[in-house]
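Step one of this worksheet: look at the structure below.
Atoms considered below: every heavy atom in the structure, side chains included; atoms not considered: hydrogens, waters and symmetry mates.
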Amino acid sequence: MPEYSQITAVIAASIATVTLNRPEKRNALSAVVIDELRSALFTAGSNPDVRVILLRGAGKDFCAGADLAQLERVSRASVLENRSDAENFAGLLLEIRQLPKPVIAAVHGRALAGGAGLASACDMVLASRSAQFGYPEVKIGFVAAMVLAVLRRSVGEKKAFELLAAGDLWSADAVERIGLVNRVIDDADFDSAVEAFARQMSQLSPSAVMLTKSLLYQVDGMSFEQALRAGVEMNAIARMTPDCQTGLKSFLDRK
């Protein structure tokens with residue numbers, strides 16, 4: 001993996017760990033961070049040796065959202081400059097969905113604003129029990145606009161509106177109950193449990209996981225009939241993969 005200035009990225013045992021590395025800034029999102037994340041995720045997703053991508057934050061927090069320099073720029077920038085900034089972050093969220101590998105966010109401390117959106121854009125979210133999530137943009141007259149698209153696909157519309165329009169902090173247990181987080185893990189066990197879960201995912205069939213991810217996000221916006229037809233096509237493709245052929249033979253031999 002290349003070297004970066006505001007994140008780190010390493011590969012070990014089929015797991016690419018990408019870490020926001022601005023602990024003194026609570027891993028706030030700068031233009032550089034977003035560009036480096038896009039580069040690292042693309043590189044990991046293109047590497048045939050990588051089966052799982054783990055997204056983490058260094059220091060006390062996962063990510064506190066946009067950094068002060070970005071926020072100060074908003075007030076001075078033109079419409080086109082602000083649009084370009086927004087498109088860059090939207091591109092990051094979209095690329096996470098389009099990557100062929102599963103992306104798992106490991107959230108500790110606070111995940112706020114764009115940081116909460118970044119976590120929820122991942123395919124799975126593991127959170128420490130003391131973690132907190134929030135979309136406080138509304139409190140400064142701003143709109144959590146791009147992350148709304150991710151949040152609305154993760155939770156029901158009433159809870160999505162409450163999260164976005166009230167701007168409150170939510171505990172990890174609370175967001176797990178509404179479907180924003182997959183698992184909440186005790187703080188003392190968090191790091192070891194995250195590593196164990198990533199290893200477990202890395203041992204699964206990469207083609208089956210890739211095709212499952214692809215199909216899951218394809219059916220957004222499809223009718224029931226269209227989703228079934230897409231499933232038929234994917235089912236036929238999956239049957240022909242070497243992983244499926246080997247797995248079926250092993251299963252039948254055991255029987």
Would you check if E36 and S5 make a side-chain contact, meaning some heavy-atom pair closer than 4.5 Å? yes
Nearest heavy-atom contact between F62 and A119 is CE2-CB, 3.8 Å
Considering all heavy atoms, the nearest A28-A66 contact: CB-C, 4.1 Å
Nearest heavy atoms of C122 and L55, plus distance in Å: SG-CD2, 3.9 Å
How many angstroms lie between CG in L92 and CE in M146, if you round to the nearest 0.5 Å? 10.0 Å
Connected via hydrophobic side-chain network under 4.5 Å: Y135 and I96: yes
Is there a continuous path of hydrophobic side-chain contacts, each under 4.5 Å between heavy atoms, that joins V103 to L54? no
Is it the case that over 12 heavy atoms from other parts of the model lie below 6.0 angstrom from the CD atom of E3? no
Quick one: does N27's side chain have a donor or acceptor within less than 3.5 Å of a partner on A58's backbone? yes
Quick one: which of D189, D187, D186 gives a salt bridge (Lys or Arg N to Asp or Glu O under 4.0 Å) with R129? D186
Test log, rule side-chain contact (heavy atoms from CB on, under 4.5 Å), inputs R26 and K60: CA-CA 7 Å; R26 298 167 63 199; K60 295 181 178 180; over 6 Å; no
Side chains of N88 and R38: does their closest heavy-atom pair fall under 4.5 Å? yes
Is T212 reaching over with its side chain to a backbone N or O of A208, donor-acceptor style, under 3.5 angstrom? yes
To the nearest 0.5 angstrom, please state how far the CD1 atom of I53 sits from the CG atom of D123. 9.0 Å
Calculate, to the nearest 0.5 Å, the distance between atoms CG and CG belonging to L228 and N235 respectively. 11.5 Å
With a 4.5 Å limit on heavy-atom distance, are the side chains of L112 and L169 in contact? yes
Hey, could you give me the CZ/CZ distance between R153 and R97, rounded to the nearest 0.5 Å? 6.0 Å
Test F133 against every option in D168, V181, L163 by the side chain to side chain contact (heavy atoms under 4.5 Å, CB included) rule and name the one that passes. V181
Test log, rule salt bridge (Lys or Arg N to Asp or Glu O under 4.0 Å), inputs R83 and E87: CA-CA 6 Å; R83 183 184 178 89; E87 286 181 338; 3.3 Å; yes
Below 4.5 Å, heavy atoms only, C-beta onward: do N21 and P23 meet side chain to side chain? yes
W170 versus L180: any side-chain heavy-atom pair under 4.5 Å? no
With a cut-off of 6.0 Å (strictly less than), are more than 12 heavy atoms of other residues, nucleotides or ligands near CZ of F42? no
Give the cluster check for V194 versus V107: same hydrophobic cluster or not, with ILVMFWY residues linked at side-chain heavy-atom distances below 4.5 Å. no
Closest non-hydrogen contact found for S202 with S14 is CB-CB, 4.3 Å
Answer yes if L211 and V219 sit in the same cluster of Ile, Leu, Val, Met, Phe, Trp and Tyr residues linked by side chain heavy atoms under 4.5 Å apart, and no otherwise. yes
Can you list the steps and then say if I104 with M201 is a side-chain contact (heavy atoms from CB on, under 4.5 Å)? CA-CA 10 Å; I104 303 169; M201 289 291 297; 4.1 Å; yes
List the steps and the verdict of salt bridge (Lys or Arg N to Asp or Glu O under 4.0 Å) for R183 and E176. CA-CA 7 Å; R183 300 185 185 188; E176 182 193 29; over 6 Å; no
For S130, does its backbone N or O pair with a side-chain atom of H108 as donor and acceptor, under 3.5 Å? no
What's the shortest heavy-atom distance between G45 and L99, and which atoms? CA-CD2, 4.0 Å
Within one Ile-Leu-Val-Met-Phe-Trp-Tyr cluster: I11 and F197, side-chain cutoff 4.5 Å: no
Determine whether a donor-acceptor pair (N or O, by modelled atom type, separation under 3.5 Å) exists between the side chain of S250 and the backbone of G247. no
Quick one, Y4 and V33 - any side-chain contact, counting heavy atoms below 4.5 Å? no
Answer yes or no: is there a side-chain heavy-atom contact under 4.5 Å between L204 and V52? no
Can you tell me how far apart CD1 (I34) and CG (L29) are? Round to the nearest 0.5 Å. 5.5 Å
Counting only N and O atoms by type, is there a donor-acceptor contact under 3.5 Å from the side chain of K101 to the main-chain atoms of V50? yes
With a 3.5 Å distance limit and no angle check, can you tell me whether R56 reaches the backbone of T19 through a side-chain donor-acceptor pair? no
Can you measure from CG (L164) to CG (L151) and round to the nearest 0.5 angstrom? 5.0 Å
Side-chain heavy atoms of M1 within contact of N47, under 4.5 Å: no
Where the side chain of T246 meets the backbone of D243, is there a donor-acceptor pair that is under 3.5 Å apart? no
Please name the pair of heavy atoms, one in S30 and one in Q6, separated by the smallest distance, quoted to 0.1 Å. OG-OE1, 2.8 Å
Between R229 and E225, is a salt bridge (Lys or Arg N to Asp or Glu O under 4.0 Å) present by the stated rule, with each step listed? CA-CA 6 Å; R229 291 187 181 279; E225 181 178 354; 3.1 Å; yes
